[in-house]
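Below is one structure, written out as structure tokens; comments come after it.
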Amino acid sequence: MPFNRNNIANKYRAFDIMVNVIIPLLIGYACYFPFFRNHLNHLLNNYIPDCTWAYAFQSAILIIWERKIKIEWTIIIICSGLCFEILQYLHFFTGTGDIFDFLTYTISVLLALILNNTFSSIFKLNKSYDKKI
């Protein structure tokens, strides 16, 4: 099989999406299963899904924008977490709607932004990653 730059770039992109979007979402989703609900600390059980959702959302935006930080998207993500918590507090959605959930969203978004530099340098080793999907 001949060397194909696009094929390697696609593999990097798939790995990036898997590590930064799909796996965090699966971890958050797993917290709702009875086994994990019974074996995880109550605090972890409540905040891991929020944390993984916000991290995956910010990571997906970073991947879409080729790791260029767009402040308007970051603000939208943080505001969507805030709006969700306000709607929970007002009983439009089930949940508690507290400030700690909002802080979890914000910290997770910031973590994704910080880790963006690490993933950016890893994936820029292959120059075609930034140019091709």
For this session: Indicate the atoms forming the closest heavy-atom contact of Ile77 with Gln58, along with that distance.
Result: CD1-OE1, 3.3 Å
Problem set entry | Straight-line distance of Leu82 CG to Thr106 OG1, nearest 0.5 Å | 8.0 Å
Exercise. Could you state the interatomic distance from CZ (Phe15) to CG (Asn20), rounded to the nearest 0.5 Å?
Worked result: 8.5 Å
For this session: Please list, chain by chain and in numerical order, all residues satisfying ring pair (Phe, Tyr, Trp, His ring centres under 6.0 Å) with Tyr32, sequence neighbours excluded.
Result: none
Seminar exercise, completed: Ala56 meets the side chain to side chain contact (heavy atoms under 4.5 Å, CB included) criterion, sequence neighbours left out, with Val21, Pro24, Leu25
Exercise. Does Phe102 have any ring pair (Phe, Tyr, Trp, His ring centres under 6.0 Å) partners at least two apart in sequence or in another chain, and if so, which?
Worked result: none
Exercise. Is it true that Asp16 and Arg67 have a side-chain N and a carboxylate O under 4.0 angstrom from each other?
Worked result: yes
Problem set entry | By ring pair (Phe, Tyr, Trp, His ring centres under 6.0 Å) - contacts of Phe100 (at least two apart) | none
Exercise. What pairs of residues pass the salt bridge (Lys or Arg N to Asp or Glu O under 4.0 Å) test when at least one of them lies in residues 85-103, not counting sequence neighbours?
Worked result: none
Exercise. Rounded to the nearest 0.5 Å, what separation is found between the OH atom of Tyr105 and the CH2 atom of Trp53?
Worked result: 6.0 Å
Problem set entry | Residue list, side chain to side chain contact (heavy atoms under 4.5 Å, CB included) with Tyr89, at least two apart or on another chain | none
Exercise. What residues join Ile75 in its hydrophobic cluster, counting side-chain heavy atom gaps under 4.5 Å, either direct or through other members?
Worked result: Ile71
Seminar exercise, completed: For Phe92, the side chain to side chain contact (heavy atoms under 4.5 Å, CB included) test, sequence neighbours excluded, returns Leu87, Leu90
Exercise. Using a side-chain heavy atom cutoff under 4.5 Å and only I, L, V, M, F, W and Y, what cluster partners does Ile107 have?
Worked result: none
Seminar exercise, completed: In this structure, NZ of Lys11 is separated from CE of Met18 (nearest 0.5 Å) by 14.0 Å
Exercise. Sequence neighbours excluded, which residues qualify as ring pair (Phe, Tyr, Trp, His ring centres under 6.0 Å) partners of Phe93?
Worked result: Phe84
Anything under 3.5 Å between a donor and an acceptor, one on a side chain of residues 108-115, the other on a protein residue two or more places apart or in another chain? List them.
{"residue": "Ser108", "atom": "OG", "partner": "Cys51", "partner atom": "O", "Å": "3.3"}
{"residue": "Ser108", "atom": "OG", "partner": "Thr104", "partner atom": "O", "Å": "2.8"}

For this session: Could I get the full list of side chain to side chain contact (heavy atoms under 4.5 Å, CB included) partners for Trp73, not counting sequence neighbours?
Result: Ile61, Trp65, Lys70, Ile76
